[in-house]
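Below is one structure, written out as structure tokens; the observations come after it.
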Amino acid sequence: MTKHFSRRGVMAATGGAAAAVTASMIAPQAAAAASKGRATGELFMYDNSALVLIDYQPEMVAGVHSIDTKLMMLNARVLARFAVKAGIPVVLSTVGVESGVNSPTAEELRQEIPDLREIDRTTMNAWDDDAFRQAVLKTGRRRFVMCGLWTEICLAYPIVDMQADGLRTAFVADAVGGQNKYAHDIAVDRMAHAGSVPNTVLATLAEWSPDWALPQGAILAEVGAWYQAELAKLEQG
């Protein structure tokens, strides 16, 4: 067990820095949005959100039975691929690697983010881990696209706490999985009740790239073509 911390204390300690970062970001984002004719709104955009990937490790993948794991991993890969190409911050975490319980991030996902440092934890709830929490806050973003295994534990727990701490979260339901469909579905309800926004992989990619005329539109076309080809391979296999 890790040392208990007060979320109120964490937010008080980081609130000033986060507010300064947020304030410095809001003005140019609002101006850019106005110049492009779009509102900042409630969407999770390429310029206001970060991607968080939690515990995509072989042992965790093997325990998923709510979704085809090959499809799930492909969906996680396409999110990571787009994020890297679009310059969206990515936070990657694992559990139990240093203690020898689990393996590092699955190679198929790791190849999309080969240089990103893994934040290894002992905690079930990633938000209880100081290094993870600081990495999330240091992105300078206040909205987070969340993916993790399993849905009912290592994804649901940090989402519930991050929402309580005033951060906005969305989760990509077809890029995550639980030990069974019932556990996954209940976790989806729990996260939504906490205020997190359910989404799908294709809708997330489109939300990140709101205009074909932007550079993100070209990235979507490129990554989307790769994704469709990989989907075809799954269907053929």
Side-chain angles (χ1 to χ4, degrees), residues 1-2 49-81 83-84 88-139 144-163 165 167 169-188 190-191 194 196 198-201 204:
M1 297 294 290
T2 58
S49 65
L51 175 64
V52 179
L53 301 167
I54 302 173
D55 301 351
Y56 282 85
Q57 301 161 257
E59 295 83 1
M60 303 303 294
V61 173
V64 169
H65 300 288
S66 64
I67 186 176
D68 180 87
T69 55
K70 291 182 179 179
L71 176 60
M72 179 190 75
M73 290 303 293
L74 175 59
N75 288 343
R77 288 180 63 195
V78 74
L79 292 170
R81 178 171 290 214
V84 169
I88 296 169
V90 182
V91 176
L92 176 66
S93 184
T94 55
V95 65
V97 175
E98 292 182 5
S99 60
V101 176
N102 292 322
S103 307
T105 300
E107 181 58 31
E108 59 192 296
L109 177 58
R110 197 60 167 132
Q111 66 185 1
E112 305 294 343
I113 40 176
D115 301 321
L116 185 63
R117 182 178 71 88
E118 289 182 341
I119 300 168
D120 192 52
R121 324 176 316 277
T122 60
T123 61
M124 297 288 183
N125 183 352
W127 200 238
D128 283 346
D129 184 82
D130 183 68
F132 175 87
R133 201 165 57 251
Q134 292 304 318
V136 167
L137 296 173
K138 284 178 181 177
T139 65
F144 299 91
V145 175
M146 306 287 293
C147 299
L149 306 180
W150 299 315
T151 319
E152 65 270 26
I153 300 175
C154 294
L155 179 61
Y157 294 172
I159 280 181
V160 169
D161 275 348
M162 289 168 71
Q163 286 288 141
D165 282 345
L167 301 175
T169 66
F171 58 93
V172 188
D174 53 351
V176 304
Q179 295 177 81
N180 55 65
K181 190 175 185 304
Y182 181 75
H184 171 83
D185 290 347
I186 290 296
V188 166
R190 180 181 187 183
M191 294 184 293
S196 192
N199 212 344
T200 60
V201 64
T204 298

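Only heavy atoms go into these numbers, but all of them, side chains included; no hydrogens, no water, no symmetry mates. The residues of the chain are indexed from 1 along the displayed sequence.
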Applying side chain to side chain donor-acceptor pair (under 3.5 Å) to Asn102 and not counting sequence neighbours gives none
Between the OG1 atom in Thr105 and the CD atom in Gln111, the distance rounded to the nearest 0.5 Å is 12.5 Å
Those residues at least two apart in sequence (or on a different chain) that pass side chain to side chain contact (heavy atoms under 4.5 Å, CB included) with Pro198 are Phe171
Step-by-step salt bridge (charged side-chain N to carboxylate O under 4.0 Å, His left out) determination, Arg121 to Asp128:
CA-CA 9 Å; Arg121 324 176 316 277; Asp128 283 346; over 6 Å; no
Tested for side chain to side chain contact (heavy atoms under 4.5 Å, CB included) against Val145, the lone hit among Thr204, Val90, Ile88 is Thr204
Minimal heavy-atom distance between Met60 and Leu149, with the atoms involved, is CE-O, 3.6 Å
The side chain to side chain donor-acceptor pair (under 3.5 Å) partners of Thr200 (sequence neighbours excluded) come to none
Interatomic distance, CG@Leu51 vs CD1@Ile113, rounded to 0.5 Å, equals 8.0 Å
Just so I know, are the side chains of Thr123 and Tyr157 near enough to count as touching, which here means a heavy-atom distance under 4.5 Å? no
What one should report as the nearest heavy-atom pair of Ala126 and Phe132 is O-CD2, 3.2 Å
Sorted by chain and residue number, the side chain to side chain contact (heavy atoms under 4.5 Å, CB included) partners of Glu98 (sequence neighbours excluded) come out as Asp120
Pro104 and Pro58 have their tightest heavy-atom pair at O-CD, 3.2 Å
Sequence neighbours excluded, the answer for side chain to side chain contact (heavy atoms under 4.5 Å, CB included) partners of Val160 is Arg190, Ala194
Minimal heavy-atom distance between Cys147 and Leu79, with the atoms involved, is SG-CD1, 3.7 Å
Correct closest heavy-atom pair for Leu155 and Gly148 would be CD1-N, 3.7 Å
Hits for side chain to side chain donor-acceptor pair (under 3.5 Å) against Thr169, two or more places apart or cross-chain, chain-then-number order -> Gln163, Ser196
List the atom pairs, donor and acceptor, that lie under 3.5 Å between side-chain atoms in residues 173-182 and the rest of the protein, sequence neighbours left out.
| residue | atom | partner | partner atom | Å |
| --- | --- | --- | --- | --- |
| Asp174 | OD1 | Val201 | N | 2.9 |
| Gln179 | NE2 | Glu152 | OE2 | 3.0 |
| Asn180 | OD1 | Tyr182 | N | 3.1 |
| Asn180 | OD1 | Ala183 | N | 2.7 |
| Lys181 | NZ | Asp185 | OD2 | 2.7 |

Rounded to the nearest 0.5 Å, the CE atom of Met124 sits from the CD1 atom of Ile153 at a distance of 6.5 Å
I'd like to know if the side chain of Arg110 reaches the main chain of Leu116, judged simply by a donor and an acceptor atom lying under 3.5 Å from each other, with no hydrogens or angles considered.
yes
Hits for side chain to side chain donor-acceptor pair (under 3.5 Å) against Asp130, two or more places apart or cross-chain, chain-then-number order -> Arg133
- request: Indicate yes or no: at least one non-hydrogen side-chain atom of Thr151 is less than 4.5 angstrom from one of Met191.
  value: yes
query: Do Phe144 and Thr139 have side-chain heavy atoms sitting under 4.5 Å apart?
result: yes
Nearest heavy-atom contact between Gly63 and Trp150 is C-NE1, 3.7 Å
Separation between CD1 (Ile119) and CG (Leu53), nearest 0.5 Å, reads 11.0 Å
dist Ile67:CD1 -> His184:NE2 (nearest 0.5 Å) comes out at 7.0 Å
Value for CG (Leu109) from CZ (Arg81), rounded to nearest 0.5 Å, stands at 11.0 Å
Self-check item: Donor-acceptor under 3.5 Å (Gln57 side chain, Val95 main chain)
Solution: yes
Side chain to side chain donor-acceptor pair (under 3.5 Å) pairs touching residues 65-78, sequence neighbours excluded, are Asn75-Tyr227, Arg77-Glu112
